[in-house]
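Residue numbering restarts at 1 for every chain, and letters A, B, ... go by the order of the sequence lines. All heavy atoms count here, side chains included; hydrogens, waters and symmetry mates do not. Treat the numbers as computed from the prediction; the structure is a model and nothing was measured.
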2 protein chains.
Amino acid sequence: MAEPIRLSKRDAARRENEARILAAAEKVFAEAGFGGATMQLIADMAGLPKANLHYYFATKEELYRKVVQQIFEIWLHAADSFDNAPGPVEGIGAYIDAKMDISRKHPFGSKVWASEVMHGAPVIQDYLETTLREWTDNRAKLIQRWVDEGKMAPIDPKHLLYMLWATTQHYADFGHQIETLNAGKPLTDRQWKAAKESVKTIILRGIGAI
Amino acid sequence: MAEPIRLSKRDAARRENEARILAAAEKVFAEAGFGGATMQLIADMAGLPKANLHYYFATKEELYRKVVQQIFEIWLHAADSFDNAPGPVEGIGAYIDAKMDISRKHPFGSKVWASEVMHGAPVIQDYLETTLREWTDNRAKLIQRWVDEGKMAPIDPKHLLYMLWATTQHYADFGHQIETLNAGKPLTDRQWKAAKESVKTIILRGIGAI
DNA sequence: TCATTTTCTGACCGTATGGTCAGGGTTGAG
DNA sequence: CTCAACCCTGACCATACGGTCAGAAAATGA
């Protein structure tokens, strides 16, 4: 908050260009995959000459890595809704809401993440083994505590987490399929709300929390 | 069944080579994506010269299309478990079993499918709009009937289907992540069984069928 | 203003890829 | 046995891609 609001032209331009490039890269990587994406396409989408991309990001891999990291951050933040909840109804309910919102707001990021993991996580394997594993263990313990306290049925926490991830991210990763099955139209606000309610209802009742 | 068991050398070789190429292609497309896969890599994995691939499959696109179609067939067959079931417990339970088995047995195929849909279904859009839409509408009607008959809670059938697809396919598409969170080891027979039970328990209770 | 640093970009390069093709080998029906 | 149809493959080609670089342009601080 004590940061200077005034940025030099250079810093402002740098910031804007990097953001522009990252946004374009996220979209292109999501739609074409790492192998199918080209620096030229990203450059065009960002409205910059290709050589300029290489000024900001030395290699395609480096740019890709930044995109994936960016998504991972957003992902982790959704966990905030999980913690400090008195029980599964509030905690898991809020987590589903948060993840569904992310799926709607950042569908490209979700796809890049999915693609990365499907290909064996070549660039974020270390994150999986450290941050994600830790995150998962902690939430699993929390869920186990809820089970022990009789707040929900005895469920294997890991499989519950997988189901939460799978179901919420499906609305981003398979959004095209869902749209096709929805008469070719994107889900409306009302439909997104219904989706969230469906997911929450089935899972919360499924784990015996309601 | 009245087919001749005797095949000419040519037919046998053709059949074997095509199968070998398709298997190699499925794996390579799954691990590298369409753009990242190379004909040379597929050829090496199939143990054939690259030029020979182009004798059997004129273009990379044609080979890819065959791989996707092959998966789609397997996918549809899982629906058999769904039909002719007296109620959701048997029908959906069997469907989950079948889809989980496919995820374990054909993880590459599942990934290729996921990748195809994530990229906007460039080669199987027509399947989505015809076969899949029809399939989905029919199952949705069946589920709605079960709801009307009071055999399960009032759930939007579409969202239930999405949850079934998402959850079961997650074990294939995100298998690497699951393996990493499982101390780097693939799920054992016992763990797969537990996964199936978890999924079935949560969903069947979640829809009020048990 | 001027020197210095940072930013920008058109033109270029080496490589890898999908695809082709001529020509040699193999198979099987008559 | 013969020969036409089919199968196979090393060598080759055009293209497209990631990345480089010299030097112009712009911003900054003194």
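Of the residues in residues 11-32 of chain B, those with a non-hydrogen atom less than 4.0 angstrom from any atom of DNA chain D are B/R14, B/N17. Residues of residues 39-53 of chain B having a heavy atom closer than 4.0 Å to DNA chain D, listed by number: B/P49, B/A51, B/N52.
Residues meeting the ring-ring contact (aromatic ring centres under 6.0 Å, His included) test with B/H176, sequence neighbours left out: none. A/R139 is linked by a side chain to side chain donor-acceptor pair (under 3.5 Å) to A/D83, counting only residues two or more places apart in sequence or in another chain. Applying the ring-ring contact (aromatic ring centres under 6.0 Å, His included) criterion to A/F29, with sequence neighbours excluded, gives A/F34, A/Y64.
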Which pairs would a plain distance check flag for residues 37-47 of chain B, meaning a side-chain donor or acceptor within less than 3.5 Å of a matching protein atom at least two apart in sequence or in another chain?
unit_1, atom_1, unit_2, atom_2, d
B/T38, OG1, B/L41, N, 3.0
B/Q40, NE2, B/D44, OD1, 3.1

Side-chain donor-acceptor contacts of residues 68-77 of chain A below 3.5 Å, not counting sequence neighbours, with atom names and distances?
unit_1, atom_1, unit_2, atom_2, d
A/Q69, NE2, A/Y127, OH, 3.3
A/H77, ND1, A/D80, OD2, 3.3

Which atom pairs, one a donor and one an acceptor, fall under 3.5 Å between side chains of residues 131-138 of chain B and the rest of the protein, sequence neighbours left out?
unit_1, atom_1, unit_2, atom_2, d
B/R133, NH2, A/T180, O, 2.7
B/T136, OG1, B/L132, O, 2.7
B/N138, ND2, B/E134, O, 3.4

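Rounded to whole angstrom, the span from the OH atom of B/Y56 across to the C1' atom of C/dG18 amounts to 20 Å.
Applying the salt bridge (charged side-chain N to carboxylate O under 4.0 Å, His left out) rule to pairs touching residues 167-188 of chain A yields nothing, sequence neighbours excluded. Applying the salt bridge (charged side-chain N to carboxylate O under 4.0 Å, His left out) test to every pair with at least one member in residues 88-106 of chain B, sequence neighbours left out, gives these pairs: B/D97-B/K196, B/D97-B/K200, B/D101-B/K196, B/R104-B/D189.
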Protein-nucleotides 25-27 of chain C N/O pairs closer than 3.5 Å?
unit_1, atom_1, unit_2, atom_2, d
C/dT27, O2, B/R10, NH2, 2.7

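Relative orientation of the A/W165 and A/Y162 rings is tilted, given thresholds of 30° and 60° on the angle between their planes.
Within a 6.0 Å sphere centred on CG of A/D126, heavy atoms belonging to other residues, nucleotides or ligands number more than 12.
You can see that DNA chain D meets the heavy atoms of chain B within a 4.0 Å-exclusive cut from D/dA5 to D/dG10, reading 5' to 3'.
Comparing B/E61 and A/Y55, the nucleotide of DNA chain C nearest to each residue sits closer to the 5' end for A/Y55.
Using a cut-off of 4.0 Å between Lys/Arg side-chain N and Asp/Glu carboxylate O, B/R65 and B/E61 are scored as not salt-bridged. With respect to the salt-bridge test (charged N to carboxylate O, under 4.0 angstrom), the residues A/E197 and A/K193 do not qualify.
Listed for the A/Q191 side chain is a donor-acceptor partner under 3.5 Å among the backbone atoms of A/T188.
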